[in-house]
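All remarks here apply to the structure that follows.
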Amino acid sequence: RKEVEQDPGPFNVPEGATVAFNCTYSNSASQSFFWYRQDCRKEPKLLMSVYSSGNEDGRFTAQLNRASQYISLLIRDSKLSDSATYLCVVNLNYQLIWGAGTKLIIKP
Amino acid sequence: DAGVIQSPRHEVTEMGQEVTLRCKPISGHDYLFWYRQTMMRGLELLIYFNNNVPIDDSGMPEDRFSAKMPNASFSTLKIQPSEPRDSAVYFCASSPKDLYEQYFGPGTRLTVT
């Protein structure tokens, strides 16, 4: 089993819809979690940190479920510009473990 | 702010040649990271530095790879000798004081023939 797993997708979603995807991690001692966004042939960019209590930034909501060992990202009212690959990152004892990413395609 | 600067942006070289990738982190950032990204293996952390000191190089694939950070504004990743399986996009990233809020450079696309 991989340490950090993501559904590679692609998720094909109509504009305006809500979409959610998860990232599971194998080590329960993992300490902190992040979502990055990567556009095609570009560098990753930090989207948001994931806090234990959950956090929201505009249309984006991140949640952490420690019992089931996954984090989630929810995007409301999706825009064409949300099309990208979403990477989760898990910190385990100052080792950063990256997921392979979930590809999201928003269709008009 | 100029962001993280990497050079060259593209590099094509023949197997066996030495390759040097360069990175200038954002001024004032204490951490610098080198990553490699391929379709097969995704994004892999190779090594990271804190205040110019290598902290974790467990991701460096083998002795052919070496990284240095002679000062706070410059780092190199060297591959000698290069092999076709080293073909990838190599990213450099820096972060201020926090290990996790990383700012990535545009990457160097390396092709080894």
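A, B, ... follow the sequence lines: proteins, then strands. Residue 1 opens every chain.
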inquiry  = For A/K45, which atoms come within 4.5 Å of any heavy atom of chain B: side chain, backbone, both, or neither?
reply    = neither
Residue part contacting chain A, namely of B/R109, when any heavy atom lies under 4.5 Å = side chain
task = Could you tell me if the ring centre of A/F33 sits under 6.0 Å from that of A/Y25?
result = yes
query = Which atom names give the shortest non-hydrogen contact between B/Q102 and A/L96, and what distance separates them?
reply = NE2-CD1, 3.0 Å
task = For this output row, return yes or no: ring centroids of B/Y35 and A/W98 closer than 6.0 angstrom.
result = yes
query = Does A/G101 offer a backbone N or O that forms a donor-acceptor pair with the side chain of A/Q6 under 3.5 Å?
reply = yes
request  = Check whether B/E44 gets within reach of chain A through its side chain, its backbone, both or neither, counting any heavy atom under 4.5 Å.
outcome  = neither
key: Per-residue contact mode, A/S32 against chain B (heavy atom under 4.5 angstrom)   = side chain
